[in-house]
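Quick notes on the structure that follows.
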There are 2 protein chains.
Amino acid sequence: MAISETQIDNGIFRVTKWVIEPGGAIPMHRHEFEYVVVPLVNDTMYVTNADGSEIAAELRIGQSYTRPAGAEHTVANRGTATIVFVETEKLS
Amino acid sequence: MAISETQIDNGIFRVTKWVIEPGGAIPMHRHEFEYVVVPLVNDTMYVTNADGSEIAAELRIGQSYTRPAGAEHTVANRGTATIVFVETEKLS
């Protein structure tokens with residue numbers, strides 16, 4: 001299961017905390033806005049793109065990464081620990 | 001002492017990881033851009049504004065907060081543990 005908590009949504013930023021339990025996944029979704037992810041755990045997250053390609057994203061606490069608008073994928077936790085990260089989207 | 005590590009600076013976002021040792025501080029600075037902070041520790045950070053007013057900012061791991069462009073302050077760690085957070089600025 002994946003749980004999201006919207007922490008900020010002020011027309012400038014939308015900041016969402018994501019918690020993905022072991023075996024859980026965020027279903028296929030398309031990112032409308034550029035975004036930055038700040039991981040809160042050290043783990044591996046499996047990202048399957050809309051075209052079927054897959055990458056193993058290595059998460060390191062506090063090591064941010066960014067992706068462009070238009071990214072479309074599912075995000076899965078195939079491990080045994082909970083994955084947590086904070087996603088900041090640039091709305092304007 | 002306060003140490004900054006620029007992780008992303010791509011014209012859209014500037015993402016900086018800040019590490020403030022006990023007794024350290026980020027000197028007076030003005031934020032040119034709106035920004036979001038994602039704390040990586042639970043602690044109290046003392047923010048002294050340019051007008052001399054002071055707030056104790058309670059940091060909670062993964063609990064983000066945002067501030068407008070123009071914020072001008074110093075940020076001090078008066079505790080005994082290292083403070084770490086990731087700051088995402090919206091450059092455009």
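Each chain gets a letter, A, B and so on, in the order the sequences are listed, and its residues count up from 1.
Both the backbone and the side chain of A:Gln63 come within less than 4.5 Å of a heavy atom in chain B.
Under the 3.5 Å distance criterion, the side-chain polar atoms of B:Gln7 are matched with a main-chain donor or acceptor of A:Gly62.
Distance OG/A:Ser92 to NZ/B:Lys90: 4.0 Å, rounded to 0.5 Å. One finds the CD1 atom of A:Ile61 at 8.5 Å from the CD1 atom of B:Ile61 (value rounded to the nearest 0.5 Å). Once rounded to the nearest 0.5 Å, the distance linking OH of B:Tyr65 with CD1 of A:Ile8 reads 10.0 Å. To the nearest 0.5 angstrom, A:Ser64 atom OG is 11.5 Å from B:Glu87 atom CD.
Both A:Val84 and A:Val37 belong to a single network of hydrophobic side chains, linked directly or stepwise wherever heavy atoms of I, L, V, M, F, W or Y lie under 4.5 Å apart. Cluster membership check: B:Leu59 shares its hydrophobic cluster with B:Val75, using side-chain heavy-atom separations under 4.5 Å among Ile, Leu, Val, Met, Phe, Trp and Tyr. A:Val41 and A:Ile20 fall within a single hydrophobic cluster, where Ile, Leu, Val, Met, Phe, Trp and Tyr are joined by side-chain heavy atoms under 4.5 Å apart, directly or via other members.
Residues A:Val15 and B:Thr66 fail the side-chain proximity criterion, which asks for heavy atoms closer than 4.5 Å. At a threshold of 4.5 Å between non-hydrogen side-chain atoms, the residues A:Leu40 and B:Val38 count as touching.
Within a 6.0 Å sphere centred on CD of B:Glu32, heavy atoms belonging to other residues, nucleotides or ligands number 12 at most.
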